[in-house]
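Notes to accompany the following structure.
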Amino acid sequence: MAKKTDKPTFYCTDCGTEHSRWAGQCSACGAWNTLKEWTAPAFSTGSSSKSTKSNGYAGAKSEIVRLAEVSLAETPRWSVGLGEFDRVLGGGLVPGSVVLIGGDPGIGKSSILLQVQTHLSVSGLKTLYVSGEESLQQIALRARRMQLPADDLALLAETDMDSILTQAQQIQPQVLVVDSIQTMQLDSIGSAAGSVVQVRETAAVLTRYAKQTGTAVFLVGHVTKSGEVAGPRVLEHIVDAV
């Protein structure tokens, strides 16, 4: 019997909408000549697939529970050390949440998150700052210039998502910063970093990791000339706060 091949699909580089066939105009947003082809990665049917199916979205096996059985215990929040930032987050950072930070280039996204990570590390939390845009030396120089107590802050310069998750599982950080989501890449997806598919799928992988491990994740996102976060609009729906 012939092996079934992966069927290519087409996605709009403006809005991220998928199409079963190529067309000159996107039926969702109306943009012209924005449909690009990509092939979904093949998934293994071996033991790794079975182990993945046994884990639910939040890390435990999916079960139906009654509303009265749901725990209403107050979820602890971590103060990020900035009053206005805490207020935007509803009183502090929630474990397992995913927050997307967007802004113009050079506005201070990386500096604010570096300040947040150093405050959390000093407070006793395990933190990891992943940079796909700057070297470790650049981050260290910024921390010195800002006079931040960054001695215990774990740093990683990497863009490969599989490598990032492997090393994150080793140190098990409670707060993870990924700067930026447009530089991250999954090897199983045959498109360049920053493409609609890569941004969407890497964000989905990080969101699943956050929910399964209880790790709070900050994603840094670039902003277009129109003031919107670059990439598919679905990115803003994946995360908990923008």
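Just so it is clear, the structure is predicted and the values come from calculations on it, not from any experiment.
Using a distance-only test at 3.5 Å, with no hydrogens or angles considered, no donor-acceptor pair links the side chain of Q198 to the main chain of S195. For the pair K109 (side chain) and G102 (backbone), a donor-acceptor distance under 3.5 Å is absent. A donor-acceptor contact shorter than 3.5 Å links the side chain of Q182 to the backbone of H222. Judged by distance alone, the side chain of T118 and the main-chain N or O of A150 form no donor-acceptor pair under 3.5 Å.
Across every non-hydrogen atom of A210 and S97, the tightest pair is CB-O, 4.4 Å. Closest of all the heavy-atom pairs between P173 and A168 is CD-O, 3.1 Å. Taking all atoms of both residues into account, the shortest heavy-atom contact from R21 to F10 is C-CD1, 3.4 Å. The two residues P149 and S121 have their closest heavy-atom pair at O-OG, 4.5 Å. Shortest non-hydrogen contact noted between M184 and V178 is CG-CG1, 3.6 Å. Minimum heavy-atom separation, W22 to L35: NE1-O, 3.4 Å.
Under the side chain to side chain contact (heavy atoms under 4.5 Å, CB included) test applied with V80, the options L93, I112, V88, L113 reduce to a single match, L93.
Put simply, the side chain of L153 reaches to within 4.5 Å of the side chain of L114, judged on heavy atoms. When side chains are defined from C-beta on, Q174 does not count as touching L120, because their heavy atoms never get closer than 4.5 Å. Side-chain atoms of C26 and H19, non-hydrogen and from C-beta on, do get closer than 4.5 Å to each other. L89 has its side chain within reach of F85: a pair of non-hydrogen atoms, C-beta onward, lies under 4.5 Å apart. Between V122 and D152, the closest side-chain pair of non-hydrogen atoms is not below 4.5 Å.
V205 and V175 sit in two unconnected hydrophobic clusters of ILVMFWY residues. Membership requires side-chain heavy atoms under 4.5 Å apart, directly or through other members. Under a hydrophobic-cluster definition in which Ile, Leu, Val, Met, Phe, Trp and Tyr are linked whenever side-chain heavy atoms come within less than 4.5 Å, directly or via other members, I171 and L136 are assigned to different clusters.
There is a side-chain donor-acceptor pair under 3.5 Å between D86 and S79. When only modelled atom types and interatomic distance are considered, E133 and S180 share a side-chain donor-acceptor pair under 3.5 Å.
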Go through the steps to decide whether L176 and L206 satisfy the test side chain to side chain contact (heavy atoms under 4.5 Å, CB included), and finish with yes or no. CA-CA 10 Å; L176 171 66; L206 286 167; 4.3 Å; yes

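In this structure, the separation between CG on L165 and OG1 on T213 is 9.5 Å, given to the nearest 0.5 Å. Note that CZ of R200 and CG of L186 are 11.5 Å apart. Values are rounded to the nearest 0.5 Å. In this structure, the separation between CD1 on I101 and CD1 on I107 is 11.5 Å, given to the nearest 0.5 Å. Note that OG of S111 and CE of M146 are 5.0 Å apart. Values are rounded to the nearest 0.5 Å. For the atom pair CG of D160 and CD of Q167, the computed distance is 10.0 Å after rounding to the nearest 0.5 Å. One finds the CD1 atom of I181 at 5.0 Å from the CE atom of M161 (value rounded to the nearest 0.5 Å).
Taking a 6.0 Å sphere around CG of D162, one finds it holds more than 12 heavy atoms contributed by other residues, nucleotides or ligands.
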